[in-house]
Amino acid sequence: MPTLHLGNHRCTVTNLINIDSVKLSCKNCSLSELCLPRSLSPEDLARFEEIVTQRPPIPKGGALYRSGEPSHALYAIKSGALKSIVTTEDGEEQIVGFHMPGELVGFDGVESVHNCTVVSLERSSVCELPLKDLEFLSQKISSLHREVCTVMRREISQEQSMLLLLARRTAESRLASFLVSLSRRLGSRGFSQTDFNLVMSRHDIANYLGLAAETVSRLISKFQEAGILSVNRRRVVIRDLDALNGKVGTCSSAKSA
DNA sequence: GCATTAACATGCC
DNA sequence: GGCATGTTAATGC
């Protein structure tokens with residue numbers, strides 16, 4: 001039986017086909033406690049389900065949408081993982097975010113056009129939430145409106161944290177921060193927060209953190225030597241989460257003025 | 001193809 | 001000079 005790795009879960013292709021063929025139901029979704037409709041009453045959930053459609057699964061390397069395309073929806077990630085990329089004027093690619101199951105993507109739509117390309121890191125399934133329907137429903141359902149605002153505030157807060165990280169933190173602090181963030185996000189979504197697969201390459205991690213891939217490798221080795229992590233290829237086991245958290249706060253004295 | 005490691009280079013304090 | 005990080009090249013999985 002062929003198998004696919006989805007996060008740190010493994011399931012059969014047969015299972016996936018069965019899941020895909022099921023009529024979309026937020027109520028029965030394993031991520032219902034994390035996704036937008038989590039605070040809705042059964043009646044409002046039924047109205048919400050009417051605006052949601054499931055997109056065909058995106059293969060590894062496939063794009064959910066590309067920069068310049070019209071922005072008309074938000075997307076809730078059901079399974080898999082994706083990355084957001086901005087291409088600079090000189091053709092350089094900068095990764096500006098990784099997206100895990102239970103999270104929303106599509107906030108980069110400015111004046112109805114996306115300014116990011118979102119690419120699947122492994123076979124991914126997403127639910128599409130059309131913006132005009134979401135706006136209409138948010139006016140009718142106050143708890144949905146609050147939830148959308150909460151997600152947007154969280155997005156802005158994360159962007160600010162990332163700016164601070166890139167401006168002020170050492171390479172060691174950046175990598176520790178990245179791993180702690182990933183651990184928290186996976187942990188809050190029912191996955192192990194100390195034992196997981198990195199769905200992104202070292203090159204992607206380095207690009208996202210503004211480092212060289214070799215620096216990421218060196219730091220991973222350093223963390224292993226300190227007993228903080230065990231890493232085998234993309235499998236990460238966090239041995240000492242407190243120590244890893246301690247590395248997050250390490251600001252560069254050269255940059256801390 | 002991707003990850004790791006070593007040697008060397010560079011910039012900052 | 002010491003430290004942090006980047007670049008290049010070699011090597012292994």
Side-chain angles (χ1 to χ4, degrees), chain A residues 2-10 13 57-64 66 79-100 117-124 161-183 185-186 191-241 243-257:
Chain A
T3 59
L4 290 166
H5 296 277
L6 299 173
N8 50 3
H9 286 314
R10 178 183 286 197
V13 167
I58 308 158
K60 182 179 180 180
L64 173 61
R66 294 183 184 281
S79 65
L82 303 103
K83 61 180 176 181
S84 289
I85 304 166
V86 172
T87 305
T88 61
E89 287 177 4
D90 54 3
E92 295 272 314
E93 287 192 344
Q94 176 64 51
I95 296 171
V96 294
F98 295 108
H99 313 290
M100 299 294 150
T117 296
V118 174
V119 174
S120 188
L121 291 164
E122 59 182 6
R123 189 179 191 270
S124 301
S161 297
M162 196 61 202
L163 284 173
L164 182 67
L165 181 142
L166 291 173
R168 299 254 172 173
R169 298 266 169 88
T170 61
E172 188 174 273
S173 171
R174 290 180 200 191
L175 183 64
S177 179
F178 172 76
L179 292 170
V180 166
S181 167
L182 203 56
S183 161
R185 287 157 69 187
L186 291 171
F191 300 101
S192 168
Q193 60 175 346
T194 56
D195 186 341
F196 49 84
N197 282 318
L198 291 170
V199 287
M200 62 295 285
S201 67
R202 301 289 194 272
H203 185 267
D204 279 353
I205 296 170
N207 179 297
Y208 178 61
L209 297 175
L211 302 169
E214 292 79 1
T215 301
V216 171
S217 276
R218 268 199 295 258
L219 289 170
I220 287 173
S221 298
K222 190 177 171 184
F223 287 165
Q224 286 194 97
E225 285 162 18
I228 296 171
L229 304 172
S230 295
V231 180
N232 187 6
R233 307 295 285 180
R234 295 195 175 190
R235 169 88 181 277
V236 176
V237 179
I238 299 176
R239 303 283 180 198
D240 190 342
L241 196 50
L244 189 61
N245 263 305
K247 297 286 185 188
V248 173
T250 312
C251 283
S252 164
S253 59
K255 296 176 180 178
S256 61

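Worth knowing before you read on, the calculation uses all heavy atoms, side chains too, and leaves out hydrogens, waters and symmetry mates. Quick note on labels: first sequence line is chain A, next is B, and so on, each numbered from 1.
We find that CZ of A:Arg169 is positioned 18 Å from C1' of C:dT5, with the value rounded to whole Å. Rounding to whole angstrom units, CG of residue A:Leu219 and P of C:dC3 are separated by 16 Å. Summarising the geometry, the separation between CG on A:Asn207 and P on C:dT7 is reported as 12 Å, rounded to the nearest angstrom. As a whole-Å value, the separation of A:Leu211 CG from C:dT7 P is 11 Å.
No donor-acceptor distance shorter than 3.5 angstrom exists from the side chain of A:Arg123 to the backbone of A:Gly80, with no hydrogens or angles considered. Remark: the backbone N or O of A:Ile238 is not paired with any side-chain donor or acceptor of A:Thr194 at under 3.5 angstrom.
What you find for A:Phe98 and A:Lys83 is that their closest heavy atoms are CD2-CB, 3.8 Å. Across all their heavy atoms, A:Ala171 and A:Leu211 have their closest contact at CB-CD2, 3.5 Å.
Scored by the side-chain hydrogen bond (donor to acceptor under 3.5 Å, both in side chains) test, A:Arg235 finds A:Asp195 as partners (sequence neighbours excluded). Under the side-chain hydrogen bond (donor to acceptor under 3.5 Å, both in side chains) criterion, A:Arg202 pairs with no residue at all, not counting sequence neighbours. Not counting sequence neighbours, A:Glu93 has no partner by the side-chain hydrogen bond (donor to acceptor under 3.5 Å, both in side chains) test.
From one end of the helix from B:dG1-C:dC13 to B:dC13-C:dG1 to the other, with five pairs defining each end axis, the axis direction shifts by 10° (rounded to 10°).
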Please list every donor-acceptor pair under 3.5 Å in which a side-chain atom of residues 217-227 of chain A meets a protein atom from a residue at least two apart or in another chain.
{"residue": "A:Ser221", "atom": "OG", "partner": "A:Ser217", "partner atom": "O", "Å": "3.1"}
{"residue": "A:Lys222", "atom": "NZ", "partner": "A:Glu172", "partner atom": "OE1", "Å": "2.8"}
{"residue": "A:Gln224", "atom": "OE1", "partner": "A:Val231", "partner atom": "N", "Å": "2.8"}

At a cut-off of 3.5 Å, list every protein nitrogen or oxygen paired with a nitrogen or oxygen from nucleotides 2-6 of chain B, distance to 0.1 Å.
{"residue": "B:dA3", "atom": "OP1", "partner": "A:Arg202", "partner atom": "N", "Å": "3.2"}
{"residue": "B:dA3", "atom": "OP1", "partner": "A:Arg234", "partner atom": "NE", "Å": "3.4"}
{"residue": "B:dA3", "atom": "OP1", "partner": "A:Arg234", "partner atom": "NH2", "Å": "3.4"}
{"residue": "B:dA3", "atom": "OP2", "partner": "A:Arg202", "partner atom": "N", "Å": "3.1"}
{"residue": "B:dT4", "atom": "OP1", "partner": "A:Arg202", "partner atom": "NH2", "Å": "2.8"}
{"residue": "B:dT4", "atom": "OP2", "partner": "A:Arg202", "partner atom": "NE", "Å": "2.7"}
{"residue": "B:dT4", "atom": "OP2", "partner": "A:Ser217", "partner atom": "OG", "Å": "2.6"}
{"residue": "B:dT5", "atom": "OP2", "partner": "A:Ser221", "partner atom": "OG", "Å": "2.4"}

